[in-house]
Number of protein chains: 2
Amino acid sequence: MQIAILGAGMVGRAMAIDLAAKYNVTSFDVSDHALHILTQKNNSIKTIKADLSNYSNYNSMLSSFDYVISAVPGFMGYKTLEAIINAKKNVVDISFFPENALELDALAKENDVTAVVDCGVAPGMSNLMLGYHNERMIITNFECMVGGLPKKRVYPFEYKAPFSPIDVLEEYTRPARYVENSCIVTKPALSDAELIDFEQVGTLESFNTDGLRSILFTMGHIPNMKEKTLRYPGHIALMQGLIKAGFLNTTPVHFKGQLISPMEFTSSLLFDQWKLGETEAEFTLMQINISDTEKTICYDLYDEYDTATQTSSMSRTTGYTCTAALNMLIENLFTEKGVFPPELIGKDETCFHFILNYLGERNIHYRKTEIN
Amino acid sequence: MQIAILGAGMVGRAMAIDLAAKYNVTSFDVSDHALHILTQKNNSIKTIKADLSNYSNYNSMLSSFDYVISAVPGFMGYKTLEAIINAKKNVVDISFFPENALELDALAKENDVTAVVDCGVAPGMSNLMLGYHNERMIITNFECMVGGLPKKRVYPFEYKAPFSPIDVLEEYTRPARYVENSCIVTKPALSDAELIDFEQVGTLESFNTDGLRSILFTMGHIPNMKEKTLRYPGHIALMQGLIKAGFLNTTPVHFKGQLISPMEFTSSLLFDQWKLGETEAEFTLMQINISDTEKTICYDLYDEYDTATQTSSMSRTTGYTCTAALNMLIENLFTEKGVFPPELIGKDETCFHFILNYLGERNIHYRKTEIN
């Protein structure tokens, strides 16, 4: 069984190592450095340096592979997925691109391809759980709160990201779409800040982000749905200050006879400060609440950096959900053709439990409770 | 009597109009716009467009004048004052340059010139009052709190300045020098933030700034002296965030193949946001506490934008202190030669009361109270 993994970043690397235990894995990346780190950690993984934005190559590049995982940066995710589908390869995608993946559904069906998209933690597991319970109760409320944070809190941001700050900064400025009383409402980014105490990490602050994505449409019958991001208290106040002061404006400003984008300048200034260290302790925290008129079903996730394998929690919770879905495809547990966000897979009892068990074997546990 | 005023900014303009009631005033500035506004407000004032950094011109430029006021930007203040002294003209200076004015004392004496420096509100009136009471009690503690703020509070900074943001930003990053138990101690900029309630404006936040200047040396025998700046609460927290995040670093950073100073970029981004409107309501608030072992003498100033004459409080409180001192020279109330910060003038009962009365006539009142 030959698996191609496009992208050897922090998460792509964790997935390659996970899958290499059972399959022949080849990782593609434009960065020698990324591929070198991967080989050092596991020399059974084949690495190929490639410009993955050269989409005309995909047919030949992928011809010898049975399955593909896409873990490329979001900005190139849509075109990458389209090229994989055109190459007629089944794929699981965690590039989290901004475009609507369902626009590739017809193409996937034409090409007899199964494409699972947004298959990480959130989006990902949150969609899966919503999809599962949507078949089993009349959901009136869905709420997802999620955050990945460093254990060491360094002023002023107390935040680290394994990806470019600009992706986070754009999330902070994009209006958030919600469903309230069966209507899609748009709220300002960072709105509805709320302090919440968590057993494992103390008080965090939740705020609106535009994270519902596909379920805005696939789960449009649910009257109330919202997604919020979690950060340490104070982060949002500082970000709002920066936004109001214009530091996140994308319209270039005149500075010493040049045009400079404040957003890009801010992103470059924060790049090193926000860079998650290779062996830096961090955690992923998620709380999902799914309610009908009688009860609320809650799923709680708390996962930490794995010191033994030096794998970040972000990579574990995102990457292993993706590799779980890939194994699900390999074992023919899900055989429909088209583009599927996880809520469409969660419907299926077997698929749902397969993915939860796969994560459980990797010590990622979603604690389920029910409040009546 | 011919008066030359170097600089026709907001404060320079107010001084020109004030002095034009009694004297022949000529204002110099490099900006046509600034000179045009001045002429519109009072066409009896002569205006001359001049590059005031062309110091070799000063002898001829100033030859026909009896007295000079320097209200140029701080960065060029020292060289300007030196040129005025070399031109043998008595001068009052409110350019608030960073260099030590007393280094020009010998030159002023040689040229038989009286130069009064730092003659605004703070530095200025705070020095004058300290100098006055220093002759009349054994001062153990001197404290000055001062701020100029807009009446309308606009998030996130809730601050406006009639001068370039970079001067304020540098004040926010320069360590603050204090006297504690007869030792000069240096504290980080923005340290010792403290919330204080004021009768006229509610709660403000005070914090350390490097504002003692000349009195660190002229009043070195006083065991405890400190100066703090006032802003609306929250301003400091945001500024500290910006500082910690590197937005006020003066070391250029690489951005798209260029070297850019974060401090300069931030200053240019804030320029319009911090610009005090020509007719924007603002106020000046100052509290001075001078103590010996028995009592504390307090001076309180609260002054507002003057709607009738459309003169900012900053211009009134700073500019009229300067014009008061100029009138004091003209009336030969102070005839010593050399460079004099106001604490050296305040010693003199007549000079002290002359300046307070001059300000009182312009409805600027320092309310004196005594606590035993």
Side-chain angles (χ1 to χ4, degrees), chain A residues 150 152-161 164-166 168-169 172-173 188-191 193 205 207 231-275, chain B residues 150 152-161 164-166 168-169 172-173 188-191 193 205 207 231-275:
Chain A
K152 191 166 77 182
R153 296 169 62 160
V154 178
Y155 187 82
F157 293 106
E158 302 184 340
Y159 178 70
K160 293 292 184 80
S164 166
I166 203 155
V168 183
L169 297 178
Y172 287 170
T173 49
L190 310 187
S191 54
E205 193 163 26
F207 56 97
R231 297 286 186 261
Y232 288 117
H235 181 86
I236 291 318
L238 178 54
M239 292 314 308
Q240 275 168 324
L242 288 175
I243 290 166
K244 291 282 186 185
F247 285 100
L248 269 56
N249 288 352
T250 50
T251 311
V253 295
H254 290 278
F255 177 71
K256 296 194 163 184
Q258 311 160 31
L259 278 171
I260 289 182
S261 155
M263 170 69 102
E264 288 179 16
F265 182 75
T266 297
S267 174
S268 87
L269 200 64
L270 298 183
F271 194 87
D272 291 339
Q273 295 175 59
W274 282 18
K275 196 169 177 33
Chain B
K152 191 165 77 182
R153 296 169 61 161
V154 179
Y155 188 83
F157 294 105
E158 301 184 338
Y159 178 70
K160 293 292 184 80
S164 166
I166 203 154
V168 183
L169 298 178
Y172 288 170
T173 49
L190 309 187
S191 55
E205 194 163 27
F207 56 96
R231 297 285 185 261
Y232 287 117
H235 181 87
I236 292 319
L238 177 54
M239 292 313 310
Q240 275 168 324
L242 288 175
I243 290 165
K244 291 280 186 188
F247 285 100
L248 269 56
N249 288 352
T250 51
T251 311
V253 295
H254 290 279
F255 177 71
K256 297 194 162 184
Q258 311 160 34
L259 279 172
I260 289 182
S261 156
M263 170 68 102
E264 287 179 15
F265 183 76
T266 297
S267 174
S268 86
L269 200 63
L270 298 183
F271 194 87
D272 292 338
Q273 295 175 60
W274 282 17
K275 196 168 178 30

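Lettering follows sequence order; numbering is per chain, from 1.
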Strictly distance-based, threshold 3.5 Å: is any side-chain N or O of A:Thr266 a donor or acceptor partner for the main-chain N or O of A:Phe247?
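At least one qualifying donor-acceptor pair exists.
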A:Glu264 side-chain N/O to A:Ile260 backbone N/O, donor-acceptor pair under 3.5 Å:
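It does not hold such a pair.
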Measure from the ring center of A:His235 to the ring center of A:Phe207 and say whether it is less than 6.0 Å.
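Ring-ring flag for A:His235/A:Phe207: false, centres at least 6.0 Å apart.
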With only heavy atoms counted, which part of A:Gln258 is less than 4.5 Å from chain B, the side chain, the backbone, both or neither?
side chain
At a 4.5 Å cut-off on heavy atoms, which part of A:Phe157 comes close to chain B: side chain, backbone, both, or neither?
side chain
Using a cut-off of under 4.5 Å for heavy-atom pairs, which of B:Lys244, B:Lys256, B:His254 has the most such pairs with chain A?
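Looking at each option in turn, the highest pair count goes to B:Lys244.
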Using 30° and 60° as the class boundaries, would you call the ring planes of A:Trp274 and A:Tyr159 parallel, tilted or perpendicular?
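Ring orientation, 0 to 90° scale: perpendicular.
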